[in-house]
Amino acid sequence: MENKRVMSGIQPTGDIHIGNYLGAIRQWVELTRNHQCFFVIVDYHAITIDYDTTTFQDSILKAAMVNIACGLEPGTCLLFVQSHVPEHMELNWVFASCTMVGRLTNMTQFKEKAQQHETNVNAGLLNYPILQAADILIYKASLVPVGEDQLQHLELARDIARRFNRKFGEIFPEPEACGKSVRVMGLDGENKMSKSLGNHLGVLETPEEIWKKLAPAKTDVQRVRRADPGRPWMCNIYTYHEFFTPEDRRQYCYDQCQEAGIGCVDCKRILHEHLCAALAPIQGRYRELEQHPDTVRDFLNDSARQAREIAQQTMAEVRHKMGLR
Ligand code: AMP
Ligand code: TRP
């Protein structure tokens, strides 16, 4: 077991998509093999946009079940809900005083979300990356497996750690992204895959639902007719093959596309077969977990209890260094 701690977070939604899976969760499962890992379902981050209070708890539980179904099993890591460890919020406030406002207004995700939710550009949305830094550093984690979209937030977390250490004394490591930072494009081929844009393929979707979305999805724009030779390197669908289709079948698609030997529909059928085969075991485990929600709640609660012990130790150190008693 390596002594560097791993921490990462995910929004509380059951509609976890293959972008989340490939960009984050798949790496998380790998890291559990030889690291102490903390994974958090970020309910306090989620309230920075409008949400349904009546279904919120169900969404949190569903998010936990999908993550467990993907391989984050009890005994391999801690998986817990952010608000169950209130020290995240306490450190968040401390870190707010170590963060320059100009850095926050410059964040790409803030600008995007402010545009998407223009009637609700609240201070929580602006301060979002401060809480994210607190999530990571409350456990003194130094490895953070995230998709490419989160690298800017991570850079800010490093700045916050540096600023705190300089002002008050060394406590925090400077956390870094680990693994390959992937960016999975959505079915529109233009934006990153994201639930809010509706261009996603959900991990829990049935083969029929997936085919309904794949069949009309964009391919190489120059391939208009079946007889036109295609350019797989310009095709969004081909990028998915790179994640799911075994080498020989992928090469077959690559070659045949260029010779117009197969059409886009044939290529999508091959992808569909391998994508659904990859998702089937996850969906099977998810259905089993649905039958035992209490074991999932026990895992979340037990993880939060263990995480909290560490979080309290860090906060005691922080208060001591800062002259707070
Ligand atoms: P979120 O659902 O926004 O909380 O994202 C959870 C994790 O999935 C983060 O590490 C993101 O970087 C990652 N992620 C989300 N969307 C994508 C995407 N389209 N491609 C790669 N990674 C992603
Ligand atoms: N902001 C991340 C996202 O939108 C989620 C997140 C919250 C996170 N806290 C974190 C990721 C801590 C890594 C570490 O995807």
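Whatever order the structure lists them in is the order used to number ligands and atoms, beginning at 1.
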Self-check item: Candidate pair Glu205 and Lys213, rule side chain to side chain contact (heavy atoms under 4.5 Å, CB included), full reasoning
Solution: CA-CA 10 Å; Glu205 288 187 79; Lys213 289 182 173 183; 3.0 Å; yes

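- Screening residues 252-265 for side-chain hydrogen bond (donor to acceptor under 3.5 Å, both in side chains) gives Gln251-Asp255 as the qualifying pairs, with residues at least two apart or on separate chains.
- Ligand-side atoms of ligand 1 in range of Met193: 16 (N), 18 (C), 19 (N), range being under 4.0 angstrom from any heavy atom.
- Electrostatic pairing of Arg158 and Glu176 does not count as a salt bridge here, judged by no charged N lying under 4.0 Å from a carboxylate O.
- Residue His17 places a heavy atom under 4.0 Å from ligand 1.
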Quiz item: Would His153 and Gln150 satisfy side chain to side chain donor-acceptor pair (under 3.5 Å), going step by step from the backbone distance to the final call?
Solution: CA-CA 5 Å; His153 287 170; Gln150 296 300 312; 3.0 Å; yes

Practice problem: Test Trp28 against Phe39 for ring-ring contact (aromatic ring centres under 6.0 Å, His included), laying out the working first. | Solution: CA-CA 8 Å; Trp28 299 359; Phe39 300 115; 4.6 Å; yes

Practice problem: May I have the step-by-step check of ring-ring contact (aromatic ring centres under 6.0 Å, His included) for Tyr44 and His88, ending in yes or no? | Solution: CA-CA 10 Å; Tyr44 274 142; His88 289 228; 9.0 Å; no

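- Two residues are said to be in side-chain contact when any heavy atoms from C-beta on lie closer than 4.5 Å; Leu31 and Pro145 meet this criterion.
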Under 3.5 Å, N/O to N/O: give me all the pairs between ligand 2 and the protein, one per line with atom names and distance.
residue	atom	partner	partner atom	Å
ligand 2	1 (N)	Tyr128	OH	2.8
ligand 2	1 (N)	Gln132	OE1	2.8
ligand 2	1 (N)	Gln150	OE1	3.1
ligand 2	4 (O)	Tyr128	OH	2.9
ligand 2	4 (O)	Gln150	NE2	3.3
ligand 2	9 (N)	Asp135	OD2	2.7
ligand 2	15 (O)	Gln150	NE2	3.4

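- Considering only non-hydrogen protein atoms, atom 3 (O) of ligand 1 sits nearest to Gln11 CG, 3.9 Å.
- Taking every heavy atom of Ala24 and a limit of under 4.0 angstrom, the matching atoms of ligand 1 come to 7 (C), 8 (O), 10 (O).
- Among all protein heavy atoms, the one lying closest to atom 22 (N) of ligand 1 is Gly19 O, 3.2 Å.
- Between Asp149 and ligand 1, at least one pair of N/O atoms sits closer than 3.5 Å.
- In this structure, the side chain of Arg226 engages the main chain of Ala260 through a donor-acceptor pair within 3.5 Å.
- Relative to atom 5 (O) of ligand 1, the option among Asp15, Ile41, Ile16, Asn20 with the closest non-hydrogen atom is Asn20.
- Phe172 and Phe95 have their aromatic ring centers within a separation under 6.0 angstrom.
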Quiz item: Could you go step by step and tell me if Asn199 and Asn191 meet the side chain to side chain donor-acceptor pair (under 3.5 Å) rule?
Solution: CA-CA 8 Å; Asn199 62 3; Asn191 300 290; over 6 Å; no

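- Closest protein heavy atom to atom 10 (O) of ligand 1: Gly147 N, 3.2 Å.
- Taking every non-hydrogen atom of Arg183 and a distance limit under 4.0 Å, the qualifying atoms of ligand 1 come out as 20 (N), 21 (C).
- Scanning the protein heavy atoms around atom 21 (C) of ligand 1, the nearest turns out to be Val182 O, 3.1 Å.
- Nearest heavy atom pair, residue Phe38 against residue Ile310, reads CZ-CD1, 3.6 Å.
- Residue-ligand proximity, Val184 to ligand 1, at heavy-atom distances under 4.0 Å covers atoms 18 (C), 19 (N), 20 (N), 21 (C).
- Near Gln150, with a cut-off below 4.0 Å to any heavy atom, the atoms of ligand 1 are 12 (O).
- Under the 3.5 Å distance criterion, the side-chain polar atoms of His272 are matched with a main-chain donor or acceptor of Pro207.
- Of all the atoms in ligand 1, the ones that sit under 4.0 Å from a non-hydrogen atom of Gly23 are 21 (C), 22 (N).
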